[in-house]
Engineer: 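The structure's right below; bear with me while I get my questions together.
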Amino acid sequence: MTAVNKIWQLVFGKPLDPLDPRTRHAIAVTAILAWVGLGADGLSSSCYGPEEAFLALGQHTQLALFLALATAATVFIIALGYNQVIELFPTGGGGYRVATALLGPRLGLVSGAALLVDYVLTVATSLASGVDAFFSLLPVGAQEFKLATELILIVLMTGLNFRGMRESIMVLLPIFMGFVVLHLILIVYGVAVHGNHLTAVVPGAVAEAHSMSHALGPLVVAALLMRAFSLGSGTYTRLEAVSNNVNMLAEPRVPAGKVTMFYMASSLAFTAGGIILLYMLWHAQPVEGQTLNAVVFGSVIDHLGLGSALARHALLAAVLALEAGLLLVGAQTGFLDGPAVLSNMAADSWVPRHFRDLSTRLVRQNGIVVMGVASLAILMWTRGNVDILVVLYSINVFLTFSLSHLGLCTYWWKHRHEGGWVRHFALSALGLAVTSTVLVITLIEKFTEGGWLTVLVTSAVVALCFLIKRHYSDTRAQLAKEDALFAGAPPALPDEAALRVGIQTRLHQQGRQMVLLPMNVG
């Protein structure tokens, strides 16, 4: 073994034997690990989604109660819809496979293209938000180093994923669990401190809504809430991640997928809804150079009365470091799901078939490279601006959500003779109504602020996929013609020279090269 090979194996791991029965056990993940690897991005969205939604309310912060409840409910509505996807497509494929099978290949392509762009933005948004959270601890002058930090982290994450899904998750597990435990404690404490005011929260929110309705009209109140709800749509991202990777779960896959979805939905609904409630109860206000999470958790920690300012600052630093770390873990979802979508699309000839190939570590290395390079490009273009990235991110997420729920509605309507179809259809229709409404509002609201770029890039990916598909179709047609031509040739055995010329001619026509070895003919 050469020195280069030794270094490669040390960094990326030893090759795995796909024929070894122990290999499946080595790479399959349990529901807990899937929650970390596939659900971290959804949970990490609580670091920026609730902030976008709360700030959109302006001075009407008491309405945040309705926003918190709507956020938690929406998480479970979308999650229950994707439980159906896991049941119907237990081999994986998620939104792309649902749209392709239930709505047709063209809408399937749109869903797949949206997912690809979305997973690139998953990596970029998660890393940019994570670096923002970390730099909230540093002086304002340090902000100029944020972009370089983000680019270095993408390179490191790309290399980590070459080792395999299970290995990359195990490295990030302590960060994930630290985030969950610490945020659970702070949210519960922050709400409990205001326990004597909680009885007035609901009447206060109702009174605020009633006052606004009289002054401005009920439509204005509804429009304000829907705008805030839609601008916080980044909160619901990546809930479809499990359905894309069901085949990577430990047996039995479908129950494991549903358990993972429950973990994801419960943790996200509690964290996102709880943070919005904290914003309202603690009257959080934006501070330059800090995220709103940093502001509110700083207030909660100060109230803990830890004694020294150093201890309080250390705990806040731990919270923000775990937020930054979880956002890095969230970027992992893009590296896991993006190559999976590329592989599914390659099976249908929408992208080059090399994306179906596995490396010696049994990971889709080509897809991982594409995710890393594309994320680097988008970060350099946006300069790591989270506000722009979240807009680009949310539009494609809800396009895929809407197509998936539309596909489920179509499926259950066609199977309305089966028992229990009404409940499934109603749930899918509710999901479609919510996700399509958010999609339309976000697209209209943010079209001139970067939404147009999402539409343009996704459309360009769709056009490129059509060109690749046409290439494969033309190649198959040409090969079929040549096969038919040669099928009608006389069966007489040619001499060696003629045979060699015939083979070379055919290979040349197909654009292939081959070294011909000496052969003996009869």
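Sequence positions, counted from 1, serve as the residue numbers for this chain. Model, not experiment: these values are computed from the prediction.
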Engineer: Taking the side chain as every heavy atom from C-beta outward, state whether Pro339 and Phe355 have any atom pair closer than 4.5 Å.
Structural biologist: no

Engineer: Assess, by modelled atom type and distance only, whether the side chains of Tyr82 and Ser404 contain a donor and an acceptor separated by less than 3.5 Å.
Structural biologist: yes

Engineer: Minimum heavy-atom separation for His405 and Gly431, please, with both atom names.
Structural biologist: CD2-CA, 3.6 Å

Engineer: Could you work out, with side-chain contact (heavy atoms from CB on, under 4.5 Å) as the rule, every residue matching Arg106, not counting sequence neighbours?
Structural biologist: Phe466

Engineer: Can you tell me how far the OG1 atom of Thr260 sits from the CD1 atom of Ile32, to the nearest 0.5 Å?
Structural biologist: 8.0 Å

Engineer: Does the side chain of Met345 reach to within under 4.5 Å of the side chain of Leu109, using non-hydrogen atoms?
Structural biologist: yes

Engineer: Can you check whether Leu342 reaches Met371 side chain to side chain, under 4.5 Å on heavy atoms?
Structural biologist: yes

Engineer: Step by step, work out the side-chain contact (heavy atoms from CB on, under 4.5 Å) result for Ser111 and Leu399.
Structural biologist: CA-CA 7 Å; Ser111 181; Leu399 174 58; over 6 Å; no

Engineer: What distance do Arg312 atom CZ and Ile301 atom CD1 have between them, rounded to the nearest 0.5 Å?
Structural biologist: 10.0 Å

Engineer: Examine Tyr119 together with Phe335 and report whether their ring centres are nearer than 6.0 Å.
Structural biologist: no

Engineer: For residues Leu326 and Leu322, determine if any side-chain heavy atom of one lies less than 4.5 Å from a side-chain heavy atom of the other.
Structural biologist: no

Engineer: Pair Asn396, Leu115 - check side-chain contact (heavy atoms from CB on, under 4.5 Å), show working.
Structural biologist: CA-CA 7 Å; Asn396 271 354; Leu115 279 171; over 6 Å; no

Engineer: Identify the heavy atoms of Leu278 and Leu186 that sit nearest to each other, and give their distance.
Structural biologist: CD1-O, 4.5 Å

Engineer: Whether the Thr400 and Asp118 side chains hold a donor-acceptor pair (N or O, under 3.5 Å, no angle test) is what I'd like checked.
Structural biologist: no

Engineer: Mind listing the side-chain donor-acceptor pairs of residues 68-80 below 3.5 Å, one per line with the distance, residues two or more places apart or on another chain?
Structural biologist:
{"unit_1": "Thr71", "atom_1": "OG1", "unit_2": "Leu67", "atom_2": "O", "d": "2.8"}
{"unit_1": "Thr74", "atom_1": "OG1", "unit_2": "Ala70", "atom_2": "O", "d": "2.7"}

Engineer: For Ser402 and Leu432, which heavy atoms make the closest approach, and how far apart are they?
Structural biologist: O-CD1, 3.4 Å

Engineer: Side chains of Leu102 and Val98: closer than 4.5 Å at any heavy-atom pair?
Structural biologist: yes

Engineer: Measure from the side-chain N and O atoms of Trp282 to the backbone N and O of Ser299, and report whether any donor-acceptor pair falls under 3.5 Å.
Structural biologist: no

Engineer: In the structure I gave you, are the side-chain heavy atoms of Arg253 and Pro90 within less than 4.5 Å of one another anywhere?
Structural biologist: no

Engineer: Would you say that Phe401 contacts Val434 through its side chain, given a criterion of any heavy-atom pair below 4.5 Å between the two side chains?
Structural biologist: no

Engineer: State which residues pass ring-ring contact (aromatic ring centres under 6.0 Å, His included) with Phe179; sequence neighbours excluded, sorted by chain then number.
Structural biologist: His183

Engineer: State which residues pass salt bridge (charged side-chain N to carboxylate O under 4.0 Å, His left out) with Lys469; sequence neighbours excluded, sorted by chain then number.
Structural biologist: none

Engineer: Report yes if the side chains of Leu121 and Val397 come closer than 4.5 Å at any heavy-atom pair, otherwise no.
Structural biologist: no

Engineer: Taking the six-membered ring for Trp, are Tyr263 and Trp35 parallel (under 30°), tilted (30 to 60°) or perpendicular (over 60°)?
Structural biologist: tilted

Engineer: Would you please name every residue forming a side-chain contact (heavy atoms from CB on, under 4.5 Å) with Ile154, sequence neighbours left out?
Structural biologist: Val123, Leu127, Thr158, Ser375, Leu376, Leu379

Engineer: One thing to verify: whether Arg353 and Asp348 come together as a salt bridge, which I'm taking to mean a side-chain N less than 4.0 angstrom from a carboxylate O.
Structural biologist: no

Engineer: Any chance you could lay out the side-chain contact (heavy atoms from CB on, under 4.5 Å) test for Tyr96 and Trp350, step after step, and finish with the verdict?
Structural biologist: CA-CA 12 Å; Tyr96 169 71; Trp350 289 118; 3.2 Å; yes

Engineer: Which pair of non-hydrogen atoms, one from Pro286 and one from Leu55, has the smallest distance, and what is that distance?
Structural biologist: CG-CD2, 3.7 Å

Engineer: Which residues pass the ring-ring contact (aromatic ring centres under 6.0 Å, His included) test with Phe270, not counting sequence neighbours?
Structural biologist: none

Engineer: So, for Val85 and Ser243, which heavy atoms are closest and what is the spacing to 0.1 Å?
Structural biologist: CG1-CB, 3.8 Å

Engineer: For Ala284 and Val296, which heavy atoms make the closest approach, and how far apart are they?
Structural biologist: CB-CB, 4.3 Å

